[in-house]
Amino acid sequence: MAILQTQSLKKHYGRIHAVDGVDLTTADGEMLAVLGPSGSGKSTLMRMVAGLEEPSSGDILIDGRSVVGIHPRHRNVAMVFQSFALYPHMSVRDNIRFPLVSRKVSRAEQRSKLDWVTGILEIDDLLDRRPTRLSGGQSQKVALARALVRDPELFVFDEPLSSLDAQIRSQARAELRSLHDRTQITTLYVTHDQLEALGLADRVAVIHNGVLHQVGTPRALYQDPADLFVAGFIGDPPMNLLKMGDTVLGARPEDLFREGEISEPAAVTLDVEIDQVEFLGAESLAYGIVRGGLPDAGEQPPRVILRFRQEAEHHFQAGERGRFVVPRSRARFFDRKTEQRVAEPKGVGA
C-alpha cells in the first residue's frame, strides 16, 4: 500500500495545457477514480504517474518520495491497459509469470505467486491457454493477475473495462472492487464512464480541460457539485440547470415533484408541459418544456427531465401539463459568470 501525491502537476504540449496544475492526494489503500470526458487530461495524468510521460513541471510522490525522472520499471507501479496487452505467443501461465521472470525471481517464488494470484482471480483452469482463446472477461483477469504478481505499491488502471461487452461490465466492476478490497493496493482508476467511477471508487476526481474541478465521494459529487461542469457531467440523466437572472438553479430529475406532493418550502415552482416519456423498467423519464415559473429565463423555453419510479401514484403522459416544485433542500445554485456553487440567492422561493 502507498500514498500517491501530485503537486502542481502540469503537462504542456506547446500551447496545449493537457494537465494544468493538478493537486491530488490518495489515502493509503484507497481506490481513487479520475473521471472526465475525452480530451480532459485524465490519461495524460495517468501516464505521468506511471512514468510513461515526464511532467512539464510539478512533482509526483509515492509515500513521500519523488518519482519524477525514475524509469517506470523502478517505480513499482503496475498498469492495466484498456487493450490488456497480453503476449499472444505465450500461454496464460507465461504471461502472468513474465514480470517475475524479468526480475529473476526464483522458480519457487514464481510458483507460489502464481498459485496465489490464480486462486484469487479463479483462473487456474486457464493457465495452458493462449490469449487468443480467452474471452474479454478472462483476458482482463489475466492482465490483472500479471499486474498483481509484481506486489505493486500502486495500481494504475487505464479504462480497463471499456473493451468488454456491456453484459459483463457489471460483473467485472464487482470483481474489480472485490479484488481491491482483498488486496488494499492503492489504485488510480482512469475512466470516462461515470457509472464505473461512481460505482467502484472510494473517491472520484473530476477533471476537465486539464483542470481538477472537484474531488469527493460519489455521493458528494452527485448531491453537492462544486460547479456547473460537475453538476452537468455527473448524473445520468444530468442535473437540470435553469437560468434565473445571475444565478443557475440545479435540480436532479428525481427532485422535481408535482405541486402538493411534498410539504417542504419550494425554491421554485415550474409550469411544465410534458412532451415525451421514456419507459426504462423500474423507472421512467419524462421530458418537458418549462412554460412558466422562471424569472428572466430567456427567449428559448428551457427543458427539464423528471424521473419517477413505476410504483409512483401518478404516471405522466405526453401532452400533459402541470406545476412542479423543486424543494429548497434539493436545490443547488451556481453563479452564471464564475460557474461556481453559491448560497441560495435572496428572494428565492419567496
Side-chain angles (χ1 to χ4, degrees), residues 1-13 16-37 39-81 147-148 150-160 176-177 179-181 183-192 194 196-198 200-221 224-227 229-230 233-234:
M1 293 186 287
I3 294 175
L4 169 70
Q5 294 175 281
T6 68
Q7 298 178 344
S8 301
L9 193 63
K10 297 184 179 182
K11 182 64 178 181
H12 298 168
Y13 300 97
I16 300 174
H17 294 191
V19 174
D20 201 14
V22 169
D23 291 289
L24 269 180
T25 301
T26 71
D28 195 10
E30 178 182 38
M31 178 179 281
L32 177 68
V34 179
L35 174 66
S40 61
K42 59 187 184 298
S43 293
T44 302
L45 174 65
M46 175 271 300
R47 290 175 62 82
M48 286 191 287
V49 169
L52 304 178
E53 297 270 3
E54 286 297 314
S56 300
S57 63
D59 206 354
I60 303 167
L61 300 96
I62 298 177
D63 280 343
R65 179 175 63 95
S66 176
V67 294
V68 173
I70 295 178
H71 193 278
R73 181 181 301 174
H74 304 301
R75 293 193 184 195
N76 201 19
V77 175
M79 289 192 65
V80 178
F81 295 95
L148 266 176
R150 294 182 52 185
D151 287 333
E153 294 178 288
L154 178 70
F155 256 141
V156 176
F157 289 99
D158 180 19
E159 308 214 32
L176 269 180
R177 184 66 223 193
L179 175 66
H180 173 77
D181 291 342
T183 62
Q184 291 295 297
I185 297 172
T186 304
T187 300
L188 191 69
Y189 189 99
V190 174
T191 181
H192 70 279
Q194 60 173 286
E196 285 182 22
L198 300 181
L200 273 173
D202 299 303
R203 290 188 301 151
V204 179
V206 180
I207 188 171
H208 181 50
N209 290 334
V211 176
L212 187 64
H213 282 248
Q214 186 174 359
V215 183
T217 64
R219 184 179 297 276
L221 293 180
D224 295 301
D227 59 30
F229 176 75
V230 178
F233 185 67
I234 297 293

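- Look at D59 and R65 and you find no salt bridge, because none of the NZ, NE, NH1 or NH2 atoms lies under 4.0 Å from a carboxylate O.
- To the nearest 0.5 Å, atom OG1 of residue T25 and atom CD of residue Q5 are 4.5 Å apart.
- Listed by first and then second residue, the side chain to side chain donor-acceptor pair (under 3.5 Å) pairs involving residues 207-218 are H213-D227 (not counting sequence neighbours).
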| said: The test is side chain to side chain contact (heavy atoms under 4.5 Å, CB included); show your working for T186 and I3 and say whether it passes. | reply: CA-CA 7 Å; T186 304; I3 294 175; over 6 Å; no
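- Here the OG-CD distance, from S43 to E159, works out to 6.0 Å after rounding to the nearest 0.5 Å.
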| field | Pair M79-L188, side chain to side chain contact (heavy atoms under 4.5 Å, CB included): steps then yes or no | value | CA-CA 10 Å; M79 289 192 65; L188 191 69; over 6 Å; no
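- Smallest separation of non-hydrogen atoms from V156 and V49: CG2-CG1, 4.2 Å.
- Of the possible donor and acceptor atoms, one in the side chain of T6 sits under 3.5 Å from a partner among the backbone N and O of L24.
- Distance check, rounded to the nearest 0.5 Å: CG of D23 to CG of L212 gives 8.0 Å.
- The side-chain contact (heavy atoms from CB on, under 4.5 Å) check on S57 picks up K10, with sequence neighbours excluded.
- Closest of all the heavy-atom pairs between A2 and I62 is CB-CG2, 3.8 Å.
- S56 places a side-chain N or O within donor-acceptor distance of the main-chain N or O of H12, the cut-off being under 3.5 Å.
- Nearest heavy-atom pair across P225 and V230 is CB-CG1, 3.8 Å.
- Under the side-chain contact (heavy atoms from CB on, under 4.5 Å) criterion, P55 pairs with L9, M48, I60, V68, sequence neighbours left out.
- Residue pairs meeting the salt bridge (Lys or Arg N to Asp or Glu O under 4.0 Å) criterion with at least one partner in residues 68-80, sequence neighbours excluded, are E54-R75.
- Using a 30° and 60° split on the angle between ring planes, F157 and Y189 fall in the tilted class, from 30° to 60°.
- Using a 4.5 Å heavy-atom cutoff, the side chains of M46 and V34 are not in contact.
- Residue L61 holds its CG atom at 5.0 Å from CD of Q7, rounded to the nearest 0.5 Å.
- Residues passing the side-chain contact (heavy atoms from CB on, under 4.5 Å) test with Q194, sequence neighbours excluded: L35, L198, I234.
- The OG1 atom of T44 sits 4.5 Å away from atom OH of Y13, with the distance rounded to the nearest 0.5 Å.
- Across every non-hydrogen atom of T191 and E196, the tightest pair is OG1-OE1, 3.2 Å.
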| task | Could you please spell out the steps behind the side chain to side chain contact (heavy atoms under 4.5 Å, CB included) verdict for L32 and L4? | result | CA-CA 10 Å; L32 177 68; L4 169 70; over 6 Å; no
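- The salt bridge (Lys or Arg N to Asp or Glu O under 4.0 Å) analysis of residues 41-50, with sequence neighbours excluded, yields the pairs R47-E53.
- One finds the CG atom of L179 at 5.0 Å from the CG atom of L148 (value rounded to the nearest 0.5 Å).
- In terms of modelled atom types and a separation under 3.5 Å, the side chain of R150 and the main chain of V77 share a donor-acceptor contact.
- Under a 3.5 Å cut-off, the side chain of H180 and the backbone N or O of G29 do form a donor-acceptor pair.
- Here the closest non-hydrogen pair linking F233 and G36 is CZ-C, 3.8 Å.
- Shortest non-hydrogen contact noted between F229 and I207 is CE2-O, 4.3 Å.
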